[in-house]
Amino acid sequence: MSLRAAAFSRSCLAVGLATVLGGHAARAADPAPAPAPAPASATPLHLPGEGRNMPDSFADLAARLLPAVVNVSTTEMVRPGEDDGDDGDDGDSTPQVPNFPEGSPFEKFFHDFMNRQDSPNAPPRKMQALGSGFIIDPSGVIVTNNHVVRHADQITITLQDNTVLKARLLGHDDRTDLAVLKVDSARPLPAVPFGDSDNARVGDWVLAIGNPFGLSGTVTAGIVSSRGRNIEQGPYDDFIQTDAPINKGNSGGPLFNLHGEVIGINTAIFSPSGGSIGIGFSIPSAEAQGIIAQLRQHGRVTRGWIGVRIQDVTQEIADGLGLKSAHGALIAGVEPKGPAANAHLQTGDVIQSLNGKDIDGRALPRLVAELAGGSVAHLGIWRRGQQMNVNITIGALPEEKTDRADSAHPAARNSALGSMAVEGMGFTVGEIDDIARQKYNMADGQKGVLVTGVTDDSPAAERGLRPGDVVTEVQQSAVNTPADLRRQLDAARSQHRKTVLFLVQNADGLRWVPFPLPEGGGH
């Protein structure tokens with residue numbers, strides 16, 4: 001992870017000082033006329049006093065918090081042929097062969113050594129990794145990242161006073177990268193409370209404490225750089241971004257506000273070099289607390305689920321649907337017999353609010369996940385120009401399924417037989433026949449129009465269409481033949497639409513794809 005204390009460069013300070021001194025000299029030589037009085041209607045601008053809320057030192061706060069931050073050390077026995085589980089974050093990496101002169105005895109020695117390490121008869125290797133954690137209960141409950149401990153055969157906690165304790169895993173959650181540990185201690189341990197991350201504002205001071213590169217008890221300071229960051233790590237991304245330096249070994253450590261409350265759990269960095277460049281990410285406490293409570297009580301996490309595949313409403317999609325603004329989560333698919341199907345939600349519906357709160361496609365999975373199974377939620381729906389309110393009973397998120405062996409999406413050459421070019425969009429379509437079903441592993445009842453070819457550098461290629469994809473709807477109307485598709489495009493032109501929406505199905509599922517609608521009716 002990474003954070004960096006904000007600092008002004010000397011060059012900026014010098015320029016500012018020269019400007020001020022130059023101004024004083026000018027006024028001494030030629031006094032400026034008195035400024036004109038401000039208009040009576042002008043409202044005075046009140047700025048905060050210089051240095052307001054800026055501590056002279058973090059020393060007292062750090063001294064109070066350090067005893068509750070721990071070093072998390074893990075050991076894993078890796079057998080030949082197994083993955084060592086190293087993500088390049090906090091664990092030790094596999095030794096690399098030095099660049100010895102070609103054909104030298106040293107080169108042969110190291111190659112022979114590495115080959116013995118990888119041979120089936122080689123003994124197991126002990127892999128060690130370091131991370132951070134923090135105590136949330138004096139009885140010895142500790143929070144850290146899942147990726148720090150997920151492969152561990154043994155977990156050891158080292159306290160600030162160098163007391164070493166064995167830890168056991170109470171529970172972990174892959175989706176949010178959180179884990180809860182328990183140690184047994186003869187005395188109550190120092191603990192820190194959670195704060196409300198929703199109250200953290202961009203620009204607020206924060207402290208990060210952890211064990212970067214194994215340097216235990218390291219304190220770094222910075223600010224909240226941004227909120228609600230999605231770094232494509234999972235379906236529930238909502239990270240706090242900070243410039244307080246975070247590095248390898250900070251994983252699982254706390255991010256504190258100036259009240260000494262944990263508002264984030266440091267979990268990721270953006271870094272081309274592997275070290276801090278001032279862009280670190282923390283799991284907000286508002287999200288983490290509910291997960292941690294479930295892990296402590298049940299050892300696992302259950303989440304709310306409504307059984308829809310959704311995507312954000314972009315401006316292109318909004319134009320295609322006739323929405324005034326790009327707002328909400330567009331349903332691209334409904335799980336059969338799921339909560340959404342039971343509530344009669346449809347592909348093409350736009351979910352715009354959940355329990356009275358406006359949402360978008362990225363926020364919906366996270367907000368639904370926080371709801372209890374069996375509870376009733378209220379959705380605000382936009383359907384074909386009409387606003388609707390729908391009640392839906394929240395289900396429990398099913399366990400993740402393994403990918404089917406036949407779910408691969410094979411590439412294919414154009415099938416010119418019976419194909420129709422979609423002018424201005426760069427792809428051709430044809431009817432689905434038995435040959436196409438076999439070639440693309442389609443279900444017997446697959447409906448729609450087959451994409452038979454995609455032109456390089458075309459709008460279709462830019463939007464990710466590939467041969468073998470199936471267009472099932474155009475402008476929320478089903479299409480089963482190229483003629484159906486042509487009629488829907490002609491209808492969209494007659495309505496003077498600038499964008500047309502295709503519902504496209506492939507091995508990954510359904511998604512809405514917006515296309516600019518070319519002028520004219522040629523096909």
Side-chain angles (χ1 to χ4, degrees), residues 175-176 230 232 234-238 287 301-314 316-318 320-323 326-401 403-404 407 443 445-448 464 469-478 501-514:
R175 289 185 172 97
T176 55
N230 179 10
E232 305 297 336
Y236 310 118
D237 282 12
D238 188 38
E287 175 187 351
V301 177
T302 57
R303 291 180 169 87
W305 174 72
I306 60 174
V308 292
R309 183 184 175 92
I310 54 93
Q311 61 189 94
D312 265 333
V313 176
T314 63
E316 274 190 309
I317 289 176
L321 291 173
L323 278 169
H327 163 57
L330 175 63
I331 296 180
V334 178
E335 188 74 19
K337 300 181 181 179
N342 294 335
H344 307 294
L345 295 183
Q346 301 174 9
T347 301
D349 287 349
V350 179
I351 303 175
Q352 296 185 316
S353 66
L354 172 65
N355 289 334
K357 181 178 181 179
D358 288 347
I359 56 94
D360 58 26
R362 187 171 63 84
L364 183 64
R366 176 172 51 83
L367 295 175
V368 169
E370 294 173 358
L371 301 176
S375 62
V376 176
H378 309 286
L379 301 179
I381 302 293
W382 187 94
R383 177 182 295 170
R384 300 178 183 272
Q386 300 294 322
Q387 297 286 346
M388 304 172 59
N389 293 313
V390 176
N391 293 333
I392 185 169
T393 301
I394 303 298
L397 181 66
E399 294 294 327
E400 289 188 84
K401 299 178 181 178
D403 294 335
R404 288 176 16 184
S407 65
Q446 177 69 59
K447 302 290 187 182
D469 289 350
V470 175
V471 179
T472 61
E473 293 185 18
V474 176
Q475 287 300 104
Q476 299 181 273
S477 294
L501 287 180
F502 289 67
L503 184 60
V504 178
Q505 182 173 0
N506 59 20
D508 296 325
L510 290 162
R511 64 187 176 105
W512 288 99
V513 181

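Computed from a prediction, not measured in an experiment: that's the story for all the values here. In this chain, residues are counted from 1 in sequence order.
The backbone N or O of Gly380 lies less than 3.5 Å from a partner atom in the side chain of Ser353, making a donor-acceptor pair. Arg309 contributes a side-chain N or O that, together with a main-chain N or O of Leu510, makes up a donor-acceptor pair within less than 3.5 Å. For the pair Trp382 (side chain) and Leu330 (backbone), a donor-acceptor distance under 3.5 Å is absent. Using a distance-only test at 3.5 Å, with no hydrogens or angles considered, no donor-acceptor pair links the side chain of Thr472 to the main chain of Gly448.
Summarising the geometry, atom CG belonging to Leu379 is positioned 5.5 Å from atom CD1 belonging to Ile351; distances are rounded to the nearest 0.5 Å. Distance NZ/Lys447 to CD/Gln505: 13.0 Å, rounded to 0.5 Å. Atom CZ of Arg303 and atom CG of Leu397 lie 7.0 Å apart (nearest 0.5 Å).
A 4.5 Å side-chain heavy-atom check between Ile381 and Asn389 finds every atom pair outside the cut-off. Val313 has its side chain out of reach of His327: every pair of non-hydrogen atoms, C-beta onward, lies at least 4.5 Å apart. For the pair Leu321/Leu501, a side-chain contact is recorded, criterion being any heavy-atom separation below 4.5 Å from C-beta on.
For Arg511, there are no salt bridge (charged side-chain N to carboxylate O under 4.0 Å, His left out) partners, not counting sequence neighbours. Qualifying side chain to side chain contact (heavy atoms under 4.5 Å, CB included) partners for Ala377, counting only residues two or more places apart in sequence or in other chains: Leu354, Asn355, Leu371, Ile392, Ile394. Residues passing the side chain to side chain contact (heavy atoms under 4.5 Å, CB included) test with Thr302 are Gln294, Arg300, sequence neighbours excluded. Gln475 pairs by the side chain to side chain donor-acceptor pair (under 3.5 Å) definition with nothing, not counting sequence neighbours. Taking Gln386 as the reference, nothing meets the side chain to side chain contact (heavy atoms under 4.5 Å, CB included) condition, with sequence neighbours excluded.
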Side chains of residues 339-347: which donor-acceptor partners sit under 3.5 Å, not counting sequence neighbours?
residue: Asn342; atom: ND2; partner: Gly338; partner atom: O; Å: 3.3

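Closest of all the heavy-atom pairs between Ile359 and Leu367 is CG2-CD1, 3.4 Å. Shown here for Ile317 and Asp312, the closest heavy-atom pair between the two residues is CD1-O, 3.7 Å. The two residues Gln446 and Val470 make their nearest non-hydrogen contact at NE2-CG1, 3.8 Å. The two residues Ala332 and Trp512 come nearest to each other via the heavy atoms CA-NE1, 3.6 Å.
Evaluation of the side chain to side chain donor-acceptor pair (under 3.5 Å) test over residues 365-380, restricted to residues two or more places apart or in two chains, returns His378-Asn391. Counting only residues at least two apart or on different chains, the salt bridge (Lys or Arg N to Asp or Glu O under 4.0 Å) pairs with a member in residues 336-359 are Asp349-Arg383.
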